[in-house]
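To find a chain, count down the sequence lines: A is the first, B the second, and so on, and within it residues start at 1.
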Number of protein chains: 2
Amino acid sequence: MTNLDKYTKPSVAVDLAIMTVIDGDLHVLLVNRPEDDVAGWAMPGGFVHIDEAPEDSVERVLSEKVGAKPVHFEQLATYGALGRDPRGRVVSIVYLALCPPEVLRDADLAKVVIDWEGEIGGPAVAQMNGARLPLAFDHAAILGDVVKRLRGKLDYSPIAFALLPDRFTLREVQEVHEAILGKPLNKPPFRRKLLDRGMIVPTGEFETGSAYRPAKLFEVKSKE
Amino acid sequence: MTNLDKYTKPSVAVDLAIMTVIDGDLHVLLVNRPEDDVAGWAMPGGFVHIDEAPEDSVERVLSEKVGAKPVHFEQLATYGALGRDPRGRVVSIVYLALCPPEVLRDADLAKVVIDWEGEIGGPAVAQMNGARLPLAFDHAAILGDVVKRLRGKLDYSPIAFALLPDRFTLREVQEVHEAILGKPLNKPPFRRKLLDRGMIVPTGEFETGSAYRPAKLFEVKSKE
DNA sequence: ATAGGTTATAACTTAATTGGATATTAGATA
DNA sequence: TATCTAATATCCAATTAAGTTATAACCTAT
């Protein structure tokens, strides 16, 4: 680093942790980076232009690289350690985005496994078809923070519903919770909490295609 | 804005919400800005240099403008709306810092009143000696988020102790909680929760100078 | 000294919440 | 129509939490 670098400034980027739950496992959308650049798999992202608010950059990256719009997105945290991008000084604002799995059908989805040995808060490990994916930059640590945030907000915010289709069964909600928490939950207490919370209402319709007793379909109660 | 601006980039800054509790009220350290610049009172801050991690910038601003080191600091969120600084494009990473009041004796401290009318999440209002202070930039909205974060983390994290001296009474802890929550709490349940949590231990010493029965002094249990 | 006043601390009673097991209901299939 | 399975409802024990009341400790004033 030369002395002149002191008088230039960091670049600002947004990175997106686009999460979904498939078959009881938490997944994240990753893009494979070319070998001659920074190798490994990374969350999609882009620079914040001078005439853009960070949220606008998020929308742009979403339409460029993903196509679909997530049901919910929120800011997670900003990462700005000195060596995190070997190509130069980048401060990344990371956003957490949640979609139902149908929306991300044709994207590269990696299963996220959290490598928390006893203590809370370690980095996450990404797998695809059972093989461990190398993650670029500090994205393993960031994904660990993503899962921590998801777990923390799970039972006092409606994030689980953002991972489900418009109409869903109570079993599906429980599957999403279990995927995020990484542990099984008891059915009766879970159902009670969910219904007592008053955030969802039955639609009057029922699941179809099931071999056995079809479950009630619920939807999120509208605000008014 | 000219077309060329598209090819320049935003500046990155850190802003510090340095909070304390005095006489049962939440206070924030603010600096008065000169009239010919951006008028009003603002949180102290500074730009992130090219050779600094944001946490380093926080340390630098603290030593430049405050002198004392806070007991606890953590990242709150990043604010990057287009018009937030009239002088140019600035993306601010806001940090929340907590100190006991003694540390900030000679600084300008404003009492923070939260202007949440029923609904959670509005902007905060700052007062000094009863008079409302004009806040610069988007700092009123940021202070609202600060209080929201404090309230949210209060009972599952040790932030309250960062606002107290090394040795404290249970009453003092309750006063801090009540100041942050803006409502009174019942004493017996509060004491039980605190002691059952196992985070504090009695020192064996007692409060002095009290007119009536002196309270036990506690301290935060060391990690090992 | 001693009585009175005030606050810290402890004990107790009551209510609410939660976990987990069990029973019942409903629909699909053979 | 009998049987299978999962959805839903019911129930009880056990734990947890709230709030009231009682006791203890210390300072102050007389």
Side-chain angles (χ1 to χ4, degrees), chain A residues 21 23-24 151-157 160-161 164-221, chain B residues 21 23-24 151-157 160-161 164-221:
Chain A
V21 170
D23 294 335
R151 290 185 179 179
K153 290 192 72 169
L154 196 55
D155 57 325
Y156 69 90
S157 89
F161 307 121
L164 291 166
D166 287 343
R167 286 143 195 272
F168 47 81
T169 66
L170 297 180
R171 172 180 38 76
E172 289 173 318
V173 182
Q174 184 166 351
E175 275 169 11
V176 165
H177 276 245
E178 289 175 341
I180 291 174
L181 296 175
K183 65 176 183 191
L185 299 169
N186 286 324
K187 208 153 106 172
F190 182 82
R191 295 167 55 89
R192 249 176 315 186
K193 260 200 214 164
L194 212 55
L195 295 171
D196 290 356
R197 186 93 74 251
M199 289 177 52
I200 59 175
V201 288
T203 62
E205 295 173 62
F206 290 85
E207 197 179 17
T208 57
S210 122
Y212 310 110
R213 176 173 175 177
K216 273 187 192 161
L217 285 172
F218 288 81
E219 62 185 2
V220 177
K221 193 192 280 184
Chain B
V21 170
D23 294 335
R151 290 185 178 179
K153 289 192 72 168
L154 196 55
D155 57 325
Y156 68 91
S157 88
F161 307 121
L164 290 166
D166 288 342
R167 287 144 195 272
F168 47 82
T169 66
L170 297 182
R171 172 180 38 77
E172 288 173 319
V173 182
Q174 184 167 353
E175 275 170 10
V176 166
H177 277 245
E178 289 175 340
I180 292 174
L181 295 175
K183 65 177 182 190
L185 299 169
N186 286 325
K187 208 152 108 175
F190 182 83
R191 296 167 56 87
R192 254 172 313 187
K193 260 200 213 163
L194 214 54
L195 295 171
D196 292 354
R197 186 94 73 252
M199 288 177 51
I200 60 174
V201 289
T203 62
E205 295 173 64
F206 289 84
E207 197 179 18
T208 58
S210 122
Y212 309 110
R213 175 174 175 179
K216 273 188 192 163
L217 285 172
F218 288 81
E219 64 186 1
V220 177
K221 192 194 280 182

*asked:* Counting distance alone, no hydrogens or angles: does the base of C:dA26 have a donor or acceptor under 3.5 Å from a partner atom on the side chain of A:R213?
replied: no
*Base, sugar-phosphate alone, or nothing: which one does B:K187 contact when heavy atoms must sit under 4.0 Å apart?*
base
*Separation of B:L195 atom CG from C:dA8 atom C1', in whole Å?*
12 Å
*Distance below 4.0 Å between A:R191 side-chain N/O and D:dT8 OP1 or OP2*: yes
*asked:* Regarding A:R171, tell me which of base, sugar-phosphate or nothing describes its non-hydrogen contacts under 4.0 Å with the strands shown.
replied: sugar-phosphate
_Could you walk me through whether A:F168 and A:V220 satisfy the side chain to side chain contact (heavy atoms under 4.5 Å, CB included) test, starting with their C-alpha distance in whole Å, then the side-chain angles of each, then the deciding distance to 0.1 Å, before giving a yes or no?_
CA-CA 9 Å; A:F168 47 81; A:V220 177; 4.1 Å; yes
_Flag, side chain of B:E178 to backbone of B:G24, donor-acceptor distance under 3.5 Å_ = no
*Within this structure, what is the CZ-to-C1' distance between A:F206 and D:dT8, rounded to whole angstrom?*
10 Å
_Value in whole Å for how far the P atom of D:dA6 lies from CD of A:E172_ = 15 Å
*Does B:D196 CG have over 12 foreign heavy atoms under 6.0 Å away?*
yes
*Heavy-atom neighbours of B:D166 CG exceed 12 at 6.0 Å*: no
_Length of the line joining A:L217:CG and D:dA7:C1', which is rounded to integer Å_ = 13 Å
*Nearest-nucleotide 5' precedence on DNA chain C, A:P214 against A:F190*: A:F190
*asked:* Expressed as a whole number of angstroms, how long is the span from A:E207:CD to D:dT5:P?
replied: 17 Å
*Which listed nucleotide (D:dT5, C:dG5, C:dT9) is nearest to the side chain of A:Y212?*
D:dT5
*How long is the line joining CZ of A:R192 and C1' of D:dT10, in whole Å?*
10 Å
_Output the rounded distance in Å from CG (A:L194) to P (D:dA7)._
14 Å
*Evaluate the side chain to side chain contact (heavy atoms under 4.5 Å, CB included) criterion for residues B:F218 and B:R167: first the C-alpha distance (whole Å), next the side-chain angles of each, then the deciding distance (0.1 Å), finally the verdict.*
CA-CA 5 Å; B:F218 288 81; B:R167 287 144 195 272; over 6 Å; no
*Starting at NZ of A:K183 and ending at C1' of C:dG19, how long is that distance when rounded to a whole Å?*
13 Å
*Which of the following nucleotides, C:dA21, D:dG19, C:dT18, is nearest to the side chain of A:P188?*
C:dA21
